[in-house]
Structure formats: C-alpha cells, structure tokens
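Working notes, beginning with the structure itself.
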Number of protein chains: 2
Amino acid sequence: MAETTKAQLIAAAAALLDSGGQAGVTLRAVAERVGVSHNAPYRHFDDRSALLGAVAEEDFRRLQQLFEDAGGETESGAALRQACAAVIGYARRHPARYRLLFSDPGLPPDPGLREAAFACFLTLSRLVARCQTDGVLPEADTVGLSGLVYAAVHGAIDLELGGRASGAKGLGDIDATVALLFDLLRG
Amino acid sequence: MAETTKAQLIAAAAALLDSGGQAGVTLRAVAERVGVSHNAPYRHFDDRSALLGAVAEEDFRRLQQLFEDAGGETESGAALRQACAAVIGYARRHPARYRLLFSDPGLPPDPGLREAAFACFLTLSRLVARCQTDGVLPEADTVGLSGLVYAAVHGAIDLELGGRASGAKGLGDIDATVALLFDLLRG
DNA sequence: GGAATGAGTTGACGCTGTCAACCCCGGCCG
DNA sequence: CGGCCGGGGTTGACAGCGTCAACTCATTCC
C-alpha cells in the first residue's frame with residue numbers, strides 16, 4: 001500500500017504546522033492538502049487535538065532518535081552537547097512543532113503520547129548518566145540532574161522562540177546559556 | 001471614574017484565561033462578562049491578540065512587582081529563592097496566563113509588551129547580581145547567568161505545566177529542580 | 001447472497017473573529 | 001445658541017472553523 005491516509009494526514013498537519021503555525025492547522029486545510037473531503041480526518045482521529053497529538057507523538061520519537069544518534073559520540077561530554085545541539089536545531093527549524101511537544105495545553109492525555117515523551121527523556125537521561133561516570137557532570141541523583149538539564153535547555157529554547165526576552169545580549173541566546181550551564185556544572 | 005471599560009475588558013480576559021484557558025477567551029465571552037456588546041472590544045483593541053497582549057503586559061508588571069517584593073529579603077540567596085518561589089506559585093495559580101507570557105506565539109510584537117518583559121528580567125537580574133557579590137552565586141557574566149537561572153526556572157515550570165514529563169519521580173518537580181540548580185551552582 | 005464494517009462523502013449546525021453601518025451623547029467652535 | 005464631530009457603543013452580517021448526522025460504496029466474512 002502506498003502510505004495510508006492516516007499517515008498522510010499526520011504529515012500534512014506537520015507541514016502546515018511548519019508553514020503556518022498552530023493557527024494554520026485547520027482540519028479542512030489538512031484534509032484538502034491530502035486530497036480528501038473536509039470530514040475525512042474524523043475517520044482516523046477523534047478530533048483536531050487527537051490529530052495534533054499524533055503529530056506530537058511522532059515528533060517525540062524523532063527527537064528520541066536524534067538523542068540516540070548523538071549517543072554515538074565516543075566522548076560522553078561531546079555526546080550530551082551534541083544531543084542538546086540537536087534539539088536546539090530541531091526547535092529552530094520547526095518552532096511550532098517544538099512548541100506543540102512541550103508547551104501546548106490542548107493535547108490529549110494519551111498514554112502513547114506520554115510514553116513517547118517519557119522515552120525521549122529517558123534517552124537523554126542515559127547520556128547524562130554517562131557524563132556522570134566520566135566525571136564530566138557532578139555526582140547527584142541522575143533523574144534530578146537530567147531534569148535540570150532538560151529544563152534549562154527547554155527553557156532557553158522557549159525563551160528564544162518567544163522572543164519576549166530579546167534586547168539584552170546574552171539573554172535569549174540559547175547556545176550561550178547551554179554552554180554556561182555545562183561550564184558551571186563542571187564546577 | 002469607576003474603572004474604564006478597557007480595564008474591565010483586560011480583567012475579564014484574565015479571569016477567563018484562569019477559568020477556561022486560552023480557548024476559553026473568546027471576544028464575545030469577554031464582552032458579555034463586562035456587560036457590553038460582542039463588538040465593543042474593538043473600540044479598545046485592534047483584535048483579539050491585542051487584548052491578550054494587554055493582559056500579558058499587565059501580568060509582566062505584576063511579576064516584576066513580585067520580584068521586587070522578594071528583593072526585600074535581607075539575605076541575597078534567600079531573596080533569589082523567594083523570587084523563584086513567587087513565579088512558581090504564580091504559574092501554578094494561573095497556568096494559562098503564565099503560558100501567555102512566555103510560550104504564546106500569537107502575541108503582537110508590541111514595544112510596550114517587550115519592554116515590560118525586559119524590565120521583569122532586569123529585576124531578577126539584579127537579584128542575581130546581589131547573590132554574586134555575596135558569593136552565593138559564581139562569578140560570571142551577570143546577564144548570562146541570569147539568563148541561565150531564568151531559563152532553568154521557566155523550563156522547569158513549563159515542563160510541569162505541560163505534564164508531558166510526569167511519570168518519573170524527580171522529573172517535572174519544579175521545586176526539586178530549582179533547589180538542585182542552586183545547589184550545584186554554589187559548587 | 002446478504003449482513004456488516006470501514007473509509008469517504010455531502011450537508012448542516014452553532015460558534016468564532018472581524019467588518020460595516022448606524023446611533024447617541026458630550027464638548028467645541030462659529 | 002446651533003451645528004458638528006468624534007469616541008464609545010450597538011446591531012447585523014459574513015466567512016471560516018470544528019463537529020455531528022446521514023448517506024454511499026467497496027470489501028469482507030458468514
């Protein structure tokens with residue numbers, strides 16, 4: 001089979017997210033882009049937010065893959081830095097989709113989505129653990145430390161994406177913020 | 001004069017944000033709550049997003065006030081911690097409004113809004129500077145360090161609010177994350 | 001062969017943001 | 001004093017949206 005309609009709908013929604021943001025993703029536009037009637041999506045998703053949830057789940061897996069790829073680096077510090085760079089690049093290339101993942105209040109509490117998000121975090125957490133055994137990051141509860149890294153990187157991304165902070169040099173510059181974080185954590 | 005219609009509209013929008021989230025803020029509901037016709041808001045705001053922008057600007061000033069109040073603490077470390085606790089509490093009490101401030105892509109690029117956001121950051125930055133001179137935080141570019149603190153706290157809040165991360169203990173717990181941050185930064 | 005099922009369609013509904021036109025009252029100028 | 005005029009408010013309309021209901025059609029399975 002050529003690609004199921006469901007998969008096409010998800011891809012179309014992702015594309016519209018990239019080109020027109022959240023507001024650009026109307027069920028009718030998604031349907032038209034796939035070449036079906038305005039009501040066809042309801043055969044595959046409960047409602048609009050379920051479709052967005054499916055996009056998010058797919059993107060969480062994509063993100064996890066990026067983290068796993070970064071794990072290929074031989075030096076653990078480099079691996080973690082590369083993972084961070086990967087999310088940052090992803091967020092810059094697909095801001096609306098990134099925001100959908102972490103900052104969207106409307107997504108359904110789907111267990112699949114939750115699991116994908118958790119797996120994503122876990123992968124990053126493993127990189128952090130490697131850094132700890134290599135002495136690149138301090139000894140501390142690994143989950144907590146990973147949460148801190150996750151939060152800092154996400155926060156920096158979100159602030160830059162929002163653009164509400166720009167105006168001061170050094171603020172809203174993700175790369176500088178993340179670099180400083182690793183610098184200070186090393187002690 | 002009793003409170004201008006404009007101020008009432010802003011207050012009504014904020015209340016609706018609290019009770020029904022972003023989606024609950026419809027121009028018509030706001031108007032009805034104030035007791036005017038569904039088109040009256042257009043006499044005071046260009047469009048829906050301009051109204052939300054006004055809510056955001058007001059909330060940024062409120063947040064700044066919280067930071068300034070926290071500055072009253074005698075010990076600089078306690079002051080910064082109190083400031084963080086204040087934002088966290090605010091975010092928990094008004095999640096939709098907090099998200100509007102930092103994670104909403106739809107707000108207008110209004111100079112007043114931008115200035116309010118910047119002033120807010122600046123106030124926090126002063127607390128960080130005090131911590132540095134007191135040796136509670138490491139020597140480093142103050143703006144950069146403030147940006148890191150800002151990003152970490154905001155990131156932790158956003159992750160908890162999103163709830164996408166829950167499931168792992170220690171992840172998504174803002175207070176623990178922030179405590180760990182200050183702990184590690186001290187060295 | 002007939003029932004059932006899943007994907008897709010058309011048509012309608014109510015709600016939303018927004019535009020246009022009208023109204024009405026207070027202050028200002030001649 | 002009369003006229004005007006502008007800001008705040010109103011009603012009415014419009015298109016676009018998510019969603020529901022009913023219908024069609026092909027496939028599959030007893």
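First the proteins, then the strands, lettered A, B, ... as listed; each starts at 1. Note that the structure is predicted; figures quoted are calculated from it, not measured.
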Open item on the list: Output the rounded distance in Å from CG (A:Leu16) to P (D:dG18).
Closed with: 11 Å

Task: Check ion pair B:Glu160-B:Arg92 (N to O, under 4.0 angstrom) - done: yes

Task: Length of the line joining A:Phe45:CZ and C:dG6:P, which is rounded to integer Å - done: 17 Å

Task: A:His94-A:Tyr90 aromatic ring centre distance below 6.0 Å - done: yes

Open item on the list: Between A:Asp104 and A:Arg99, does any NZ, NE, NH1 or NH2 come within less than 4.0 Å of an OD or OE carboxylate oxygen?
Closed with: no

Task: Distance, rounded to the nearest Å, where A:Gln22 contributes CD and D:dG18 contributes C1' - done: 14 Å

Open item on the list: On DNA chain C, compare the nucleotides closest to A:His38 and B:Ala29; which residue's is nearer the 5' end?
Closed with: A:His38

- [ ] Quickly work out the A:Asp47 CG to D:dT19 P distance and round it to whole Å.
- [x] 5 Å

TODO: Give a yes/no answer on whether the side chain of A:Thr26 brings an N or O atom under 4.0 Å of OP1 or OP2 in D:dG18.
DONE: yes

- [ ] Would you indicate whether the side-chain heavy atoms of A:Leu52 and A:Arg48 approach each other to under 4.5 Å?
- [x] yes

TODO: Might you point out which heavy atoms bring B:Leu137 and B:Leu80 nearest each other, and give the distance in Å?
DONE: CD1-CD2, 3.8 Å

Task: Between P of D:dG8 and CG of B:Asp46, the distance in whole Å - done: 13 Å

Open item on the list: Whether A:Ser37 contacts C:dG8 is assessed here as follows: a side-chain N or O lying under 4.0 Å from the phosphate OP1 or OP2. Is that the case?
Closed with: no

- [ ] Calculate the interatomic distance between B:Glu32 atom CD and D:dT11 atom P; express it in whole Å.
- [x] 13 Å

Task: B:Arg28 CZ - D:dA13 C1' separation (whole Å) - done: 10 Å

Open item on the list: So, OP1 or OP2 of D:dT19: does either fall under 4.0 Å of a side-chain N or O from A:Tyr42?
Closed with: yes

Open item on the list: Is it the case that the ring center of A:Phe121 lies less than 6.0 angstrom away from the ring center of A:Phe60?
Closed with: no

Task: Selected nucleotide, minimal atom distance to B:Arg48 side chain, candidates D:dT19, C:dT9, C:dT18 - done: C:dT18

TODO: Could you check which of C:dT18, C:dA7, C:dT9 has an atom nearest any side-chain atom of A:His44?
DONE: C:dA7

Identify all pairs in which a protein N or O lies below 3.5 Å from an N or O of nucleotides 21-26 of chain D, and state each distance.
| residue | atom | partner | partner atom | Å |
| --- | --- | --- | --- | --- |
| D:dA21 | N6 | A:Asn39 | ND2 | 3.2 |

Open item on the list: With a 4.0 Å limit, can you tell me whether A:Thr5 has a side-chain N or O closer than that to the phosphate oxygens OP1/OP2 of C:dA7?
Closed with: no

Task: Aromatic plane relationship, A:His154 with B:His154 - under 30° parallel, 30 to 60° tilted, over 60° perpendicular - done: parallel

Open item on the list: Rounded to whole Å, how long is the line connecting atom NZ of B:Lys6 with atom P of D:dG8?
Closed with: 9 Å

